[in-house]
2 protein chains.
Amino acid sequence: MVQYQPIALDTSFAAIADATRRGVLQRLGQAEASVTDLADSFHMSLTGMKKHIHVLETAGLVATHKIGRVRTCQLGPSALDREAAWIIGYRQLWEARFAALDTLVDHLKQQEAVDGHDRRK
Amino acid sequence: MVQYQPIALDTSFAAIADATRRGVLQRLGQAEASVTDLADSFHMSLTGMKKHIHVLETAGLVATHKIGRVRTCQLGPSALDREAAWIIGYRQLWEARFAALDTLVDHLKQQEAVDGHDRRK
DNA sequence: CCAATACTGAACCACATGGTTCAGTATCAG
DNA sequence: CTGATACTGAACCATGTGGTTCAGTATTGG
């Protein structure tokens with residue numbers, strides 16, 4: 001369950017920032033596929049698909065093995081653990097922002113109540 | 001809590017695929033900041049930072065408002081809901097792959113047990 | 001053995017990205 | 001009013017991206 005080697009968040013996020021590559025991952029979640037299969041599925045040249053596979057492989061999202069002349073692709077070691085963690089962390093930060101905002105608003109309201117009698121428009 | 005308008009996953013993932021931009025988000029989680037503040041913090045030209053801000057703004061991750069000559073940046077409407085959902089979905093897919101693999105392995109083991117007596121090496 | 005298949009690699013293309021500098025414009029402080 | 005400040009926009013640059021085609025090489029089916 002441990003990430004084999006820490007791949008930069010940049011690399012992983014960039015890898016999944018492409019609709020075609022997300023599609024490939026989805027596809028490989030169903031079953032393994034050869035590069036040709038994938039190229040056909042996504043209406044793309046073999047070479048084009050190979051580049052996508054390379055990006056996904058670099059990100060640890062896809063693993064491949066070649067038997068004879070056909071290279072088979074399957075989901076790789078990365079389950080996007082660190083990436084998920086980053087997003088969760090961000091969401092907490094994001095929520096905290098509103099908590100802070102609420103506190104501020106409360107503070108202002110209270111202030112207004114105090115100042116109200118001599119500062120009211 | 002609802003996403004204002006559905007921003008493409010591509011755009012958001014690309015936005016957070018950059019370490020500087022993730023840093024900016026982290027920074028804005030603490031407190032608002034002007035473009036100049038951020039440019040200084042990240043040792044970058046004002047223009048360079050403005051570009052990053054623009055990317056983050058397009059992704060809905062940052063919101064800005066200009067008062068006088070200073071533009072202030074704060075965290076934007078997107079809490080990366082859809083992006084988090086996609087990753088969670090992927091993780092489930094990823095785990096399912098192992099479930100399938102386990103089933104296969106079990107099947108093979110059982111098969112081997114049956115065939116064992118006449119196929120043993 | 002020979003042709004078809006499956007991939008690989010190099011080269012090219014248009015366009016995006018991450019950064020810069022330079023020349024504005026608008027606002028603020030004194 | 002004038003200079004400093006804060007941003008904006010255009011232009012440029014090197015590099016990366018997403019795609020292609022074309023020319024290989026390696027395997028396989030017949």
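The analysis underlying the following values was restricted to heavy atoms, covering all of them including side chains, and did not include hydrogens, waters or symmetry mates. As the structure is a computational prediction, the values presented were derived from the model and not from experiment.
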Distance below 4.0 Å between B/S45 side-chain N/O and C/dT20 OP1 or OP2: yes

I need the CZ-P distance between B/F42 and C/dG18, as an integer number of Å. 14 Å

At 4.0 Å (heavy atoms only), tell me whether B/G68 reaches a base, stays on the sugar-phosphate, or touches nothing. sugar-phosphate

Is B/T47 touching bases, backbone alone, or none of the nucleic acid, heavy atoms closer than 4.0 Å? base

Grab the NZ-P distance between A/K51 and C/dC12 for me, whole Å please. 13 Å

Respond yes when some side-chain nitrogen or oxygen of A/R69 is under 4.0 Å from OP1 or OP2 of C/dA4, and no when none is. no

I need the CG-P distance between B/D37 and D/dA6, as an integer number of Å. 9 Å

Would you mind reporting whether B/L61 and B/L80 have side-chain heavy atoms less than 4.5 Å apart? yes

Can a side chain N or O of B/R71 be found less than 4.0 Å away from OP1 or OP2 on D/dT8? yes

Could you state the atom-to-atom distance from CG of B/L56 to P of C/dG18 in whole Å? 10 Å

Quiz question: by atom type and distance under 3.5 Å, do the side chains of B/T72 and B/E32 form a donor-acceptor pair? no

I want to check one thing: is the phosphate of D/dG19, taken as OP1 and OP2, less than 4.0 Å away from some side-chain N or O of A/H52? yes

Heavy atoms from C-beta onward define the side chain here; which of C/dG19, C/dA6, D/dG19 lies closest to that of B/T20? C/dG19

Could you give the distance from CZ (A/R22) to NE2 (A/H52), rounded to the nearest 0.5 Å? 11.5 Å

Rounded to the nearest Å, what distance is computed from the CG atom of residue B/D18 to the C1' atom of nucleotide C/dA16? 13 Å

Would you kindly compare A/H43 and B/V35 by the position of their nearest DNA chain D nucleotide and give the one closer to the 5′ end? B/V35

So, B/E57 versus B/T64: side-chain donor-acceptor pair below 3.5 Å or not? yes

Parallel, tilted or perpendicular: which one describes the rings of A/W86 and A/F13, with boundaries at 30° and 60°? perpendicular

Could you tell me the separation between the NZ atom of B/K50 and the C1' atom of C/dT20, rounded to a whole number of Å? 14 Å

Give a yes/no on whether any side-chain N or O of A/K66 is located under 4.0 angstrom from OP1 or OP2 of C/dT8. yes

What integer distance in Å separates A/H65:NE2 from C/dA6:C1'? 15 Å

For atom CG of A/L46 and atom C1' of D/dG19, their distance in whole Å: 13 Å

